Amino acid sequence: MKFWPIRILSIIGAVLGCFLFEGIAHHQSDYTQRLIILAGLYVTLAVSLNLINGITGQFSIGHAAFYQVGAYLGGYLSVNYFKSMHLPPLVWLLVIMVAGAAAAAFAGLIVGLPSLRLRGDYLAIVTLGFGEIIRIKIQNTPALGGSYGLNVEPKIQSIAIVWLLAILCIAVCRNLLKTANGLPFLAVREDEVASSAMGVNVTRIKVSAFLLGSAFAGAAGALLASYEGFITPATFAMDVSFIILTMVVLGGTGSITGSVVSAIFLSYLPEYLRGLKDSSGEPLTLTGGSVVASLIAVITVVAVIRWIYTDGSRNKSTRIGMTLGAIVGGFVVQAVIAAILNHNGKLHNSILVAAVVAVVTVAFLIRSIYASRATSKTWQTGLKGLGALLGGLAVAAVLNTVLTHLFNLNDGKVEVGQLRMVIFAITLIVLMLLRPQGVFAHHEFSWTWVSKLFKGRKGATA
Amino acid sequence: MSILKLDKAMIRFGGLVAVNEVSFELNKGDLFGLIGPNGAGKTTCFNLITGVYKPTSGQILFNGTDITGTPSNKIAKLGICRTFQNIRLFKALSVLENVVVGGFLRHKTGLFSALAYLPNSIHETDKLKADAMELLRVVNLDHVAHVRSADLSYGMQRRLEIARAMATQPELLLLDEPAAGMNPQEKEELLLMVKKIRDEHGMTVLLIEHDMRFVMGLCERIVVLDHGEEIAQGPPSAIRNDPKVIAAYLGEAV
Ligand SMILES: Nc1ncnc2c1ncn2[C@@H]1O[C@H](COP(=O)(O)OP(=O)(O)O)[C@@H](O)[C@H]1O
Ligand SMILES: [Mg+2]
């Protein structure tokens with residue numbers, strides 16, 4: 001059999017590839033390297049949470065807690081034992097990774113136990129509460145630096161190891177889904193009663209998912225601690241759990257590919273936004289007008305895409321084309337409206353109120369006309385869509401008034417970087433409207449899929 | 001020796017006695033019917049046998065061993081598998097994958113081998129899939145093996161549930177209203193299929209059915225429940241003429 005030579009070669013290939021990648025990345029700025037490392041850690045976190053949430057269906061939302069357990073144990077060991085152990089830094093990194101994974105797995109076991117009794121929302125609350133308990137406990141433990149944080153010596157940075165961990169995590173999850181052993185996990189997600197009637201040990205499956213998922217988060221935590229050199233409980237606040245969850249949901253619960261893509265995208269997005277500069281080199285700020293314009297554009301695009309996909313008469317490539325068109329159109333709409341609203345740098349609430357009233361009236365008119373007059377199906381759907389669209393715009397305008405007051409946009413500006421959570425939230429809302437199963441749904445990347453896609457395109461153009 | 005024996009099995013939900021001291025015995029190779037009006041406690045009987053509920057009192061013996069209160073998954077491993085009245089497929093999984101889950105309890109490769117994608121896990125997965133495909137041929141679903149199970153028609157979903165249960169290779173197969181919602185032709189096919197399961201696959205079958213003609217045509221022995229009580233037991237000919245059964249089914253053609 002050729003199994004072992006291939007396996008060993010591919011492992012060597014992955015290791016060499018990662019170190020080569022590190023060699024190349026080494027010439028980049030510290031900032032770029034930071035982005036690469038954070039992306040790798042978030043890929044590990046999202047893929048491992050996907051194992052618990054998406055594959056096994058246990059709604060856990062406290063993933064940052066496991067990340068934190070790994071980080072603090074790794075940091076603590078580095079501070080106290082690195083010097084006396086005389087190990088090379090990279091080997092030490094592996095040691096604390098394993099230790100962090102073990103500690104987080106133990107924590108995962110403890111959180112996994114309630115999942116044997118609790119479902120859905122209840123489990124979510126327990127996992128979230130558990131995360132907070134860990135955070136507060138650490139905050140009050142002087143040996144771990146309390147709320148001031150822990151200085152981690154030595155700082156060890158290794159892009160290669162971070163990405164090897166991510167690759168390992170992806171490989172493990174993919175292997176699980178490729179073999180029959182993964183099916184009981186999916187079966188538990190689908191129906192626990194039927195699973196156990198088929199002989200599946202539901203308890204064992206859930207606990208395994210929590211153990212594995214949290215172990216990877218713990219290993220990632222240990223790497224984070226030695227990369228940052230300084231961790232505080234605030235590093236692992238609830239919003240980190242929320243971001244990881246967003247990555248899983250955006251990518252499609254159950255899809256490893258989806259988690260990877262959205263983890264890279266969402267870990268980069270805030271950094272990108274923070275890095276945006278205007279023409280004078282200052283951080284890019286938004287005026288009230290641009291925020292409204294963006295909201296309007298987003299809602300328009302969502303409405304148009306919904307319409308493209310609910311009308312079943314078009315084929316796939318037309319739909320993809322129209323969707324891309326709608327997105328481009330969205331940017332244009334955004335730019336135009338922003339230009340109009342930003343005309344004198346300020347947004348006038350009176351204009352806004354008038355606009356809201358006008359739009360709501362028109363929306364109602366259109367809907368009532370549609371109800372009484374429209375006869376042909378196309379007109380019905382079309383008018384219905386238009387009514388909904390205008391209604392949506394009105395909502396956007398109202399939301400805007402709230403937002404402008406919330407962020408003090410009216411008399412000034414807000415840095416785009418600070419809108420991170422708002423942008424995540426809007427991304428989630430849009431996703432839930434358009435594609436609740438996530439961008440990739442249950443699909444996985446495969447080469448046959450890629451070749452089919454290209455064949456499909458050719459077929460469509462010919 | 002009997003393969004399954006209920007000995008005064010009783011369960012109470014709050015004030016309601018859903019199954020009251022019911023006793024019956026199945027022999028190996030039986031095609032046994034469990035009938036009774038709606039709410040008689042038939043499904044609850046299945047839930048007791050398969051360990052979904054623990055009886056308040058009484059005993060359940062499988063091949064002579066006491067399985068009262070054993071968890072569901074262990075009972076499946078011992079050799080009892082069931083279908084559900086309200087179909088409970090793994091909806092997002094394909095038809096083939098549903099059946100593989102059934103076959104998984106005989107799977108030996110550990111989780112670690114699977115996570116490392118070692119050769120034994122690959123081989124065993126292939127073998128499970130081949131076995132599952134074989135079973136799909138038996139229930140005539142091999143042409144939709146890769147379709148999402150939720151997308152199947154109602155009758156097909158019922159057949160898939162049977163195939164999934166058969167994949168655990170049970171000695172005793174429990175079918176909860178397998179013909180419900182099927183059209184006459186599908187029912188006819190199902191009847192032949194259940195006979196084949198007993199005759200060719202050597203499984204003992206205990207079946208709940210509402211359609212009297214179906215049960216009378218298929219089963220060799222029948223137990224009748226009403227309001228949780230066992231009111232009659234015997235071959236179809238005797239059940240048909242039993243005054244108590246006629247009273248319980250008043251107005252329905254028996
Ligand atoms: N988990 C439960 N809790 C309370 N009552 C139940 C439960 N399961 C079944 N019952 C009751 O037991 C009775 C028998 O139900 P069932 O066994 O489903 O009847 P059927 O003979 O139609 O299958 C019904 O009155 C039902 O409401
Ligand atoms: Mg029933």
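In this text, all values refer to a predicted model and were calculated from it rather than measured experimentally. Order of the sequence lines sets the chain letters (A, B, ...), proteins ahead of strands, with each chain counted from 1.
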By a 4.5 Å heavy-atom criterion (distance strictly below it), what part of T168(B) contacts chain A: side chain, backbone, both, or neither? side chain
Only heavy atoms, only distances under 4.5 angstrom. Which residues in residues 50-60 of chain A are near chain B? none
Largest heavy-atom contact set with chain B, pairs under 4.5 Å, which of L186(A), L176(A), V193(A), V202(A): V193(A)
For R137(B), does the CZ atom sit with more than 12 other heavy atoms under 6.0 Å from it, leaving out its own atoms? yes
Could you state the interatomic distance from CG (D191(A)) to CD1 (I87(B)), rounded to the nearest 0.5 Å? 12.0 Å
Going by residue number, which parts of residues 171-178 of chain B are within reach of chain A, meaning a heavy-atom gap below 4.5 Å? none
Heavy-atom closest pair (A114(B) atom, N175(A) atom, distance to 0.1 Å) is O-CB, 3.3 Å
Looking only at heavy atoms and a cut-off of under 4.5 Å, which of A116(B), G102(B), S121(B) has the most pairs with chain A? A116(B)
Any residue meeting side chain to side chain contact (heavy atoms under 4.5 Å, CB included) with A101(A), in chain and number order, not counting sequence neighbours: A215(A), A219(A)
Atom CZ of residue position F13(B) - does it have more than 12 heavy atoms of other residues, nucleotides or ligands inside 6.0 Å? yes
When S208(A), A197(A), G182(A) are compared by non-hydrogen pairs under 4.5 Å with chain B, the top option: A197(A)
Ignoring hydrogens, what is the shortest heavy-atom contact between T125(B) and A180(A)? Give both atom names and the distance. OG1-N, 3.0 Å
With chain A, the option among L89(B), L111(B), L128(B), T50(B) that has the most non-hydrogen atom pairs under 4.5 Å is L111(B)
Interchain contact, L115(B) with chain A, by part (heavy-atom threshold 4.5 Å): both
Determine, for Y117(B) and R174(A), whether the Lys NZ or Arg CZ falls below 6.0 Å from the six-membered ring centre while staying within 45 degrees of the axis. yes
Please find the pair of heavy atoms, one from A187(A) and one from L93(B), that lie closest to each other, and give the distance. N-CD1, 4.5 Å
What part of L168(A) is in contact with chain B, defined as an atom under 4.5 angstrom from a non-hydrogen atom: side chain, backbone, both or neither? neither
Output for pair (T179(A) OG1, H123(B) NE2), nearest 0.5 Å, gives 13.5 Å
Quick one: closest heavy-atom pair of E190(A) and A92(B), and the distance? OE1-N, 3.1 Å
Nearest heavy-atom neighbours spanning L118(B) and F3(A): CA-CZ, 4.0 Å
What residue in P119(B), P170(B), A167(B) has the most heavy-atom pairs under 4.5 Å with chain A? P119(B)
Chain B contact via S195(A) - which portion, at a heavy-atom distance below 4.5 Å: both
For R204(A), does the CZ atom have more than 12 heavy-atom neighbours from other residues, nucleotides or ligands under 6.0 Å away? no
Using a heavy-atom cutoff of under 4.5 Å, enumerate the residues of residues 60-86 of chain B that contact chain A, numbered in order, or state 'none'. S72(B), N73(B), A76(B), K77(B), C81(B), R82(B), F84(B)
Separation of L105(B) CG from M198(A) CE (nearest 0.5 Å): 9.0 Å
